[in-house]
2 protein chains.
Amino acid sequence: MAERTRTSKQRDRILEVLRQTGSHPTAKWLYDRVRRQFPNLSLGTVYRNLAILQRQGLVVKLGFGSGFERYEAKILPHHHFVCERCGSVADLKLALDRSVMQKLRQTTGLRTTRYEIRLFGICKRCSGTE
Amino acid sequence: MAERTRTSKQRDRILEVLRQTGSHPTAKWLYDRVRRQFPNLSLGTVYRNLAILQRQGLVVKLGFGSGFERYEAKILPHHHFVCERCGSVADLKLALDRSVMQKLRQTTGLRTTRYEIRLFGICKRCSGTE
DNA sequence: GTTCATGCAAATCGTTTGCACAATG
DNA sequence: CATTGTGCAAACGATTTGCATGAAC
């Protein structure tokens with residue numbers, strides 16, 4: 001019943017490439033890259049291995065990862081708390097010093113239009129469940 | 001050639017619902033909700049109007065909004081800068097005081113496993129282009 | 001009346017899955 | 001040998017798009 005995991009040259013290479021690149025590639029990018037060593041590699045294998053690597057805590061999927069987009073009306077800038085178990089998203093009203101945000105912008109030196117702080121964790125409802 | 005936009009009861013209602021709800025709904029959720037007033041509403045219309053509202057700056061799409069997932073190997077915690085024009089994602093090394101992050105966690109009172117600060121703006125490469 | 005928005009259905013595209021075979025332990 | 005991983009192709013689900021009709025101006 002316990003999950004067994006064997007080694008696989010493809011998976012090793014996927015992780016290696018992901019560690020070397022400074023970018024945040026998509027599955028397709030990884031597929032094209034790793035295919036140089038494994039010409040018969042299939043996209044399905046890339047997805048399957050990415051899932052395994054995530055379960056092992058070696059890889060993170062950016063974004064909400066729920067498969068579909070979420071929208072909100074632009075009102076006041078605010079932040080989000082994302083539950084890693086049920087995927088729910090809650091608004092956060094964080095009282096951050098203005099100075100901190102100013103510092104953020106200065107540090108980056110980039111033209112920043114907006115920012116968002118995203119906290120990930122287990123929401124209260126899911127907390128009671130486990 | 002200039003883009004004309006007419007009013008539409010459906011679009012008004014979509015925005016209204018989005019403004020009233022505290023959640024971060026998916027297109028499907030909005031569709032089900034707005035259909036109460038417009039039984040013949042189609043999902044395509046919802047997507048089309050969400051796109052228009054985004055162009056008008058009234059609505060924001062959460063996530064990277066590029067349509068596909070992005071992955072990264074889990075190394076040290078860090079943050080991201082997302083270019084709103086070309087969609088590129090860059091790592092940010094922000095020197096944030098530990099105290100600030102502690103404050104963040106305390107404020108929320110939630111069990112937080114990780115956090116990520118995401119800045120949105122126009123990257124240097126795109127900046128030179130316009 | 002001209003043009004944009006809608007509804008419907010088909011098409012698209014990223015991701016997942018079933019199956020037969022190859023590789024791991 | 002028992003079981004997991006792979007490649008291939010089909011399936012799936014969210015989003016997009018073409019087209020004929022209806023609404024806005």
Side-chain angles (χ1 to χ4, degrees), chain A residues 1-18 23-56 58-72 87-89, chain B residues 1-18 23-56 58-72 87-89:
Chain A
M1 208 90 286
E3 175 156 26
R4 258 175 216 295
T5 307
R6 293 180 183 172
T7 66
S8 127
K9 291 169 182 169
Q10 288 91 332
R11 184 180 326 127
D12 289 350
R13 183 69 187 134
I14 289 173
L15 182 55
E16 194 181 4
V17 169
L18 203 46
S23 65
H24 306 73
T26 63
K28 180 64 167 38
W29 188 93
L30 284 168
Y31 168 64
D32 289 333
R33 200 73 168 50
V34 176
R35 197 155 48 146
R36 294 180 194 166
Q37 283 82 43
F38 302 87
N40 294 336
L41 183 69
S42 91
L43 247 178
T45 296
V46 173
Y47 280 110
R48 267 186 295 235
N49 278 319
L50 282 173
I52 292 176
L53 291 169
Q54 286 175 74
R55 253 179 266 131
Q56 297 178 338
L58 298 171
V59 162
V60 187
K61 190 194 288 187
L62 304 181
F64 289 117
S66 49
F68 27 59
E69 303 284 355
R70 285 169 174 278
Y71 302 84
E72 73 177 15
S88 66
V89 181
Chain B
M1 209 90 283
E3 176 158 22
R4 260 176 214 294
T5 306
R6 293 180 182 173
T7 66
S8 126
K9 291 167 182 171
Q10 288 90 333
R11 184 179 329 125
D12 289 349
R13 184 67 188 137
I14 289 172
L15 182 55
E16 194 181 3
V17 169
L18 204 45
S23 66
H24 306 74
T26 63
K28 180 62 166 40
W29 188 93
L30 284 169
Y31 169 64
D32 289 333
R33 201 72 168 50
V34 175
R35 197 155 47 146
R36 295 179 194 168
Q37 284 83 44
F38 302 88
N40 296 333
L41 183 70
S42 91
L43 247 178
T45 296
V46 173
Y47 280 110
R48 267 185 296 234
N49 278 317
L50 282 172
I52 292 176
L53 290 169
Q54 286 176 74
R55 254 179 264 131
Q56 296 177 340
L58 297 172
V59 162
V60 186
K61 191 195 288 187
L62 303 181
F64 288 117
S66 47
F68 27 60
E69 303 284 354
R70 285 169 174 279
Y71 302 83
E72 71 177 15
S88 66
V89 181

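Not measured: the values here are computed from a predicted model. Quick note on labels: first sequence line is chain A, next is B, and so on, each numbered from 1.
We find that CZ of B/Phe38 is positioned 17 Å from P of D/dG22, with the value rounded to whole Å. Taking atom CG of residue A/Leu30 and atom P of nucleotide C/dG14, one finds them 14 Å apart after rounding to whole Å. Look at CZ on A/Arg35: it is 15 Å from C1' on D/dT6, rounded to the nearest Å. If you measure from atom CG of A/Leu41 to atom C1' of C/dA23, you get 15 Å, rounded to the nearest angstrom. Separating the CG atom of B/Leu43 from the P atom of D/dA14 is a distance of 9 Å, rounded to the nearest angstrom. One atom, OH of A/Tyr31, and another, C1' of C/dT16, lie 16 Å apart when rounded to the nearest Å. Taking atom CG of residue B/Leu53 and atom P of nucleotide C/dA5, one finds them 11 Å apart after rounding to whole Å. A/Lys28 has its NZ atom 16 Å from the P atom of C/dT16, to the nearest Å.
Judged by atom type and distance alone, B/Arg48 reaches the base of D/dG18 through a side-chain donor-acceptor pair under 3.5 Å.
Under 4.0 angstrom from either OP1 or OP2 of C/dG25 there lies no side-chain N or O belonging to A/Arg4. Distances shown here put a side-chain N or O of A/Gln10 below 4.0 Å from the OP1 or OP2 atom of D/dG7. Between B/Thr7 and the phosphate of D/dC25, there is a side-chain N or O to OP1/OP2 separation shorter than 4.0 Å. Listed pair A/Ser42 / D/dC8 fails the phosphate criterion, with no side-chain N or O lying under 4.0 Å from OP1 or OP2. Distances shorter than 4.0 Å separate none of the side-chain N or O atoms of A/Asn40 from OP1 or OP2 on C/dA22. Considering only side-chain N and O atoms, B/Ser8 lies under 4.0 angstrom from the phosphate OP1 or OP2 of C/dT6.
The structure places CG of B/Leu18 at 11.0 Å from CZ of B/Arg33, a figure rounded to the nearest 0.5 Å. Here B/Gln10 contributes atom CD and B/Asn49 contributes atom CG; the two are 7.5 Å apart, rounded to the nearest 0.5 Å. To the nearest 0.5 Å, atom CD1 of residue B/Ile14 and atom CG of residue B/Leu58 are 12.5 Å apart. For the atom pair OG1 of B/Thr26 and CG of B/Leu50, the computed distance is 10.0 Å after rounding to the nearest 0.5 Å.
Judged by closest nucleotide on DNA chain D, A/Thr45 is the one of A/Thr45 and B/Ala27 placed further toward the 5' end. For the pair B/Pro39 and B/Arg11, both in contact range of DNA chain C, the more 5′-proximal nearest nucleotide belongs to B/Arg11. With the nearest nucleotide of DNA chain C identified for both B/Lys9 and B/Arg6, B/Arg6 has the one nearer the 5' end.
A salt bridge links A/Asp32 to A/Arg35: one of the charged nitrogens lies within less than 4.0 Å of a carboxylate oxygen.
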